[in-house]
Amino acid sequence: MILLFDLDGTILDTYALIRETFIELFKRFLPSYEYTEDDLRSFFGPSLYDTFKRIGCDEEKSKELFTEYRKINKTLQSKYLKLFPNTELFLEDLKSKGYKMAIFSNKVHEAIMSGLIEKGIDKYFLYVLGVDEVDYPKPNPQGIEIIKNRLKDECIYIGDTKSDMLTAKNAGVLAIGTTQAGSKKEELIDGGADYVIEKISDLPKLLEVLKIWYMIC
């Protein structure tokens, strides 16, 4: 069984990093753009290109902002990037129980790996797939299908947004949502979550129950 994780808000606590990156980006390159805290939170999850298009940028401007975002994000990463509590402990636990683990995110591959390596947890994931390696971002299920075919197994998708849950449902796989990054339980259920946990570190306990019900792994 593959445990396929989203990255931001699921494995890595990146909200402060993303928030500060956007604030600095707008200050430097879109000084006239006015935004609220709710706007900043809405940028958490979608691909960068989708975000820039949504705020009215054309393709050329979106490409420029994408490049500058990556530069700023990298300089701020060591200061703001965090792990959620007990993340490495539960990853070690799941690895010891024989689960295959992978990442599928709307971030580009290089950025995913940078964060995983920064926090020393890249060793737990057999495969990492970024938005730059698929034709369509989430909630399109293409990324899940690629990883299932690559690792030759069935999977469960675990994420923290409605889009993650829709991605799982579109792929026809079990969807587990977590509210640890601020998403509301109702929102995740509306997206199709089969189960919702408060903390990602609660996942091993849920999987033990599911093993009895579904005979997984």
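- More than 12 heavy atoms of other residues, nucleotides or ligands sit less than 6.0 Å from atom CD of Glu64.
- Note that CG of Asp58 and NZ of Lys63 are 10.5 Å apart. Values are rounded to the nearest 0.5 Å.
- By the 4.5 Å heavy-atom criterion applied to side chains, Leu210 and Ile176 are counted as neighbours.
- Crowding of Arg54 atom CZ: a count of heavy atoms from other residues, nucleotides or ligands under 6.0 Å exceeding 12.
- Annotation: the span from Ile11 atom CD1 to Ile112 atom CD1 amounts to 12.0 Å, rounded to 0.5 Å.
- Remark: Phe125 engages no residue in a ring pair (Phe, Tyr, Trp, His ring centres under 6.0 Å) (not counting sequence neighbours).
- Heavy atoms only, all atoms of each residue included: Cys57 and Leu30 are closest at SG-CD1, 4.3 Å.
- In terms of heavy-atom proximity, Thr10 sits nearest to Phe5 at CG2-CD2, 4.1 Å.
- A salt bridge does not link Glu37 to Arg41: none of the charged nitrogens lies less than 4.0 Å from a carboxylate oxygen.
- For the pair Tyr69/Ile18, a side-chain contact is recorded, criterion being any heavy-atom separation below 4.5 Å from C-beta on.
- Contact record, Gly143 with Val134: CA-CG1, 4.0 Å, taken as the closest heavy-atom pair.
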Test side chain to side chain contact (heavy atoms under 4.5 Å, CB included) on Ile144 and Cys155; report intermediate values, then the result. CA-CA 8 Å; Ile144 290 180; Cys155 84; 3.7 Å; yes

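- The backbone N or O of Asp132 sits nowhere less than 3.5 Å from a side-chain atom of His109 that would complete a donor-acceptor pair.
- Salt-bridge annotation for Glu20 and Lys79: absent, with no side-chain N of the basic residue lying under 4.0 Å from a carboxylate O of the acidic one.
- Side chain of Ser183 to main chain of Asp160: a donor-acceptor pair is present (N/O by atom type, distance under 3.5 Å, no hydrogens or angles).
- Cluster membership check: Leu94 shares its hydrophobic cluster with Val128, using side-chain heavy-atom separations under 4.5 Å among Ile, Leu, Val, Met, Phe, Trp and Tyr.
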Derivation of the side chain to side chain contact (heavy atoms under 4.5 Å, CB included) call for Leu126 and Ile2: CA-CA 10 Å; Leu126 294 175; Ile2 307 163; over 6 Å; no

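- The two residues Gly9 and Gln180 come nearest to each other via the heavy atoms O-NE2, 3.2 Å.
- Looking at every heavy atom in both residues, Leu188 comes nearest to Lys162 through CD2-N, 3.9 Å.
- Outside the 6.0 Å centre-distance limit, the rings of Tyr15 and Tyr80 are not counted as a close aromatic pair.
- The aromatic ring centres of Phe52 and Phe66 sit 6.0 Å or more apart.
- Atom CG of Asn86 and atom OG of Ser201 lie 5.0 Å apart (nearest 0.5 Å).
- We find that Glu208 and Lys211 are joined by a salt bridge, their nearest charged nitrogen and carboxylate oxygen being less than 4.0 Å apart.
- In this structure a side-chain-to-backbone donor-acceptor pair under 3.5 Å is present from Asn149 to Glu145.
- Rounding to the nearest 0.5 Å gives a distance of 8.5 Å between CZ of Arg70 and NZ of Lys107.
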Assess the residue pair Ile156 and Val173 against the criterion (side chain to side chain contact (heavy atoms under 4.5 Å, CB included)); give the C-alpha distance rounded to whole Å, side-chain angles, the decisive distance to 0.1 Å, and a yes or no. CA-CA 6 Å; Ile156 294 170; Val173 304; over 6 Å; no

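- The only member of Asn106, Thr161, Asp164, Asp50 that meets side-chain hydrogen bond (donor to acceptor under 3.5 Å, both in side chains) when paired with Lys138 is Asp164.
- Ion pairing of Lys71 with Glu68 is present here, as a side-chain N (NZ or NE/NH1/NH2) and a carboxylate O approach within less than 4.0 Å.
- Side-chain atoms of Asp190 do not come within 3.5 Å of backbone N or O of Glu187 as any donor-acceptor pair.
- No more than 12 heavy-atom neighbours from other residues, nucleotides or ligands sit within 6.0 angstrom of NZ on Lys53.
- Cluster annotation: Tyr195 and Leu207 are assigned to the same hydrophobic cluster (Ile/Leu/Val/Met/Phe/Trp/Tyr, side-chain heavy-atom contacts under 4.5 Å, transitive).
- Between Ile147 and Ile103, the shortest heavy-atom contact is CD1-O, 3.7 Å.
- Looking at Leu65 and Thr51, their side chains never come closer than 4.5 Å, going by heavy atoms from C-beta outward.
- Proximity of Glu59 to Tyr49: side-chain heavy atoms (C-beta onward) are nowhere separated by under 4.5 Å.
- Formation of a donor-acceptor pair under 3.5 Å by the Ser42 side chain with backbone atoms of Asp39 is found in this model.
- Checked against ring pair (Phe, Tyr, Trp, His ring centres under 6.0 Å), Tyr33 has the following partners two or more places apart in sequence or in another chain: Phe26.
- Ion pairing between Glu88 and Lys123 holds under the 4.0 Å rule for side-chain N and carboxylate O.
- Listed for the Lys100 side chain is a donor-acceptor partner under 3.5 Å among the backbone atoms of Leu151.
- Pro139 pairs by the side chain to side chain contact (heavy atoms under 4.5 Å, CB included) definition with Ser163, Leu166, Thr167, Asn170, not counting sequence neighbours.
- Under the 4.5 Å side-chain criterion, counting only non-hydrogen atoms from C-beta, Thr14 is in contact with Leu81.
- Scored by the side chain to side chain contact (heavy atoms under 4.5 Å, CB included) test, Glu92 finds Tyr124 as partners (sequence neighbours excluded).
- By the 4.5 Å heavy-atom criterion applied to side chains, Asp202 and Phe90 are not counted as neighbours.
- In the hydrophobic clustering of this structure, Ile55 groups with Leu48; members are Ile, Leu, Val, Met, Phe, Trp, Tyr whose side-chain heavy atoms approach within less than 4.5 Å, directly or through other members.
- Put simply, Met165 and Phe44 are part of two different groups of oily side chains (I, L, V, M, F, W, Y) that touch within less than 4.5 Å, one to the next.
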Under the criterion side chain to side chain contact (heavy atoms under 4.5 Å, CB included), I'd like the reasoning laid out for Ile72 against Arg28: C-alpha separation, chi angles, the key distance, then a yes or no. CA-CA 10 Å; Ile72 295 169; Arg28 295 186 194 180; 3.7 Å; yes

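- Of the possible donor and acceptor atoms, one in the side chain of Asp153 sits under 3.5 Å from a partner among the backbone N and O of Met1.
- Applying the side-chain hydrogen bond (donor to acceptor under 3.5 Å, both in side chains) rule to Thr67 yields no partners; only residues at least two apart in sequence or on another chain are considered.
- Rounded to the nearest 0.5 angstrom, Lys74 NZ and Ser114 OG are separated by 6.0 Å.
- Follow the hydrophobic side-chain contacts under 4.5 Å out from Ile200 and you never reach Leu89; the two are in separate clusters.
- Of the inter-residue distances, the one linking Leu83 atom CG with Asp13 atom CG reads 8.5 Å to the nearest 0.5 angstrom.
- Shown here are the side-chain hydrogen bond (donor to acceptor under 3.5 Å, both in side chains) partners of Thr21, two or more places apart in sequence or in another chain: Asn73.
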